[in-house]
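Remember, it's 1-based here, ligands and their atoms both numbered in the order they're listed. One is the number of the first residue; the rest follow in order along the sequence.
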Amino acid sequence: MKDLTVNYMGLRLKNPIIVASSGLTRSLEGVEKWAEAGAGAVVLKSIFEEQFWVEGGEEGLDYYPEMRDYLESGGLLDYAPQQIVKLIKEAKKRFDFPLLASINGQTERGWIRFAQQLEDAGCDGLELNIYSLPLDPEKPGDKYESGYLKIVEKVRQVVSLPLAVKIFHQITSLPHFVRRLGEAGAQGVVLFNWFLEPDLDLTSLQARHRQGEANFNLVLRWIALLANRVKCDLAASGGVKGSEEALKLILAGASAVQVCRLLYQKGPAAIREIINEINNWLEEHKYSRLTEIQGKLSLKEENLRIKGLGEATAYLRAQYIRLHSGK
Ligand SMILES: Cc1cc2nc3c(=O)[nH]c(=O)nc-3n(C[C@H](O)[C@H](O)[C@H](O)COP(=O)(O)O)c2cc1C
């Protein structure tokens with residue numbers, strides 16, 4: 001077997017395949033399945049701040065009784081913070097691979113408290129699942145972005161765990177924002193978070209949600225454009241259907257590749273298959289370690305090959321013009 005180890009935000013992963021935060025990772029049995037399949041790491045299902053409120057007996061939910069009903073009917077209260085603490089402790093005793101917890105907070109106080117609780121439970125890293133839909137016509141984009149940065153700074157002040165931030169792709173200047181996430185204390189950034197998409201039901205005349213598809217090429221583009229140009233490690237999330245996508249993301253510069261829907265469809269066998277196929281590809285192309293190809297096709301490398309950012313821009317523009325002129 002080739003050496004597939006990677007370093008992701010200071011954690012040593014035996015291979016780059018991470019099981020993404022989702023229903024697949026909300027129980028000990030779930031984590032066990034992925035550990036046995038040989039995953040490099042697991043990100044537990046996100047805990048939402050509302051779930052902490054319920055367990056802490058805090059007022060938050062009393063203001064929103066309908067939210068309590070909604071959470072209860074969706075089974076979300078079974079996955080409460082105390083359960084997670086137990087799950088982390090048990091999983092750390094039994095499995096020898098990095099376990100990351102994921103939080104989706106609402107308030108500054110919430111982010112800080114829950115991050116501390118999860119660090120105390122013994123997880124190896126935290127993924128901050130940050131996003132709020134920009135609904136306010138009075139609030140410009142940079143206000144949202146500085147809000148996200150503040151969350152990272154505050155969490156960084158109280159925990160010493162490796163921190164990753166999972167972000168949405170609709171940020172105006174991703175290179176600038178990701179650089180600032182690194183400066184605020186994130187060691188990793190996950191590109192991207194994918195949400196349920198809105199739809200309308202023409203019979204009931206009600207809004208409904210559907211599960212959209214992640215856009216793999218969008219992830220690939222941003223990994224390639226950011227790798228080694230910002231301080232943090234990058235993990236890719238979205239649209240990985242097998243070893244081919246995983247290899248492309250590593251070549252573009254990802255330190256780790258998260259997989260979700262594929263595992264819903266194919267189960268643990270998909271992890272073994274990706275790992276074996278990556279190994280075979282390295283063999284065929286005469287590499288002995290995965291890190292030898294990491295970032296080989298990133299903008300940074302292209303940039304070095306064609307000397308400067310100015311030339312890189314000219315090169316990308318020339319490709320764009322060629323494409324659109326049908327030549
Ligand atoms: C059923 C389901 C539940 C998910 N729950 C979470 C979650 O709790 N937290 C999170 O950060 N991402 C969540 N995700 C998003 C995935 O982690 C992942 O980013 C997304 O599915 C895109 O990757 P994929 O194309 O490999 O599925 C969920 C996805 C699915 C399909």
Side-chain angles (χ1 to χ4, degrees), residues 8 16-27 30-31 34 37 39-52 70-71 74-81 83-84 87-88 99-106 111 114-115 118 123 125-133 148 151-152 155 163-170 186 188-197 209-223 234-250 254 256-268 270-271 273-274:
Y8 174 50
I17 306 303
I18 298 182
V19 183
S21 177
S22 62
L24 298 168
T25 59
R26 59 181 282 171
S27 68
V31 177
W34 309 119
V42 158
V43 186
L44 295 175
K45 168 87 186 149
S46 298
I47 314 183
F48 297 88
E49 182 160 332
E50 293 80 352
Q51 292 167 293
F52 282 93
Y70 183 72
L71 292 174
L76 278 171
L77 299 191
D78 307 340
Y79 185 73
Q83 294 288 105
I84 307 306
L87 165 57
I88 293 171
L99 193 66
L100 284 83
S102 165
I103 320 175
N104 181 291
Q106 281 264 310
W111 282 106
F114 311 137
L118 294 168
C123 62
L126 278 182
E127 199 172 276
L128 308 180
N129 172 4
I130 296 183
Y131 180 64
S132 52
L133 199 65
Y148 301 158
I151 294 167
V152 179
V155 173
L163 273 189
V165 187
K166 191 174 186 184
I167 58 174
F168 194 54
H169 55 83
Q170 281 173 342
V189 173
V190 185
L191 308 169
F192 294 106
N193 211 344
W194 302 93
F195 298 96
L196 292 172
E197 288 174 352
H209 286 99
R210 59 177 206 97
Q211 256 182 26
E213 279 261 318
N215 182 338
F216 166 75
N217 297 89
L218 189 68
V219 179
L220 185 66
R221 165 187 283 160
W222 284 109
I223 296 280
L234 306 174
S237 173
V240 173
K241 296 195 163 71
S243 59
E244 205 172 292
E245 286 82 9
L247 277 163
K248 288 178 185 175
L249 290 163
I250 304 282
V257 175
Q258 300 199 355
V259 189
C260 179
R261 263 170 258 226
L262 174 73
L263 303 180
Y264 271 104
Q265 289 154 11
K266 295 196 172 168
I271 296 214
E273 196 174 301
I274 294 180

Is there side-chain contact between Val19 and Ile271, with at least one heavy-atom pair below 4.5 Å?
yes
Taking the side chain from Trp222 and the backbone from Phe192, do they hold a donor-acceptor pair closer than 3.5 Å?
no
Is a side-chain donor-acceptor pair under 3.5 Å present for Asn104 with Ser46?
no
If you count every heavy atom of other residues, nucleotides or ligands that lies below 6.0 Å from Arg261 atom CZ, does the total exceed 12?
yes
By ring-ring contact (aromatic ring centres under 6.0 Å, His included) - contacts of Phe195 (at least two apart)
Tyr131, Phe168
In terms of the angle between their ring planes, are His169 and Trp194 parallel, tilted or perpendicular, with boundaries placed at 30° and 60°?
tilted
Under 4.0 Å from ligand 1, residues with heavy atoms, in chain and number order, are Ala20, Ser21, Ser22, Lys45, Ser46, Asn129, Lys166, Phe192, Asn193, Trp194, Gln211, Ala214, Ser237, Gly238, Gly239, Val259, Cys260, Arg261, Tyr264
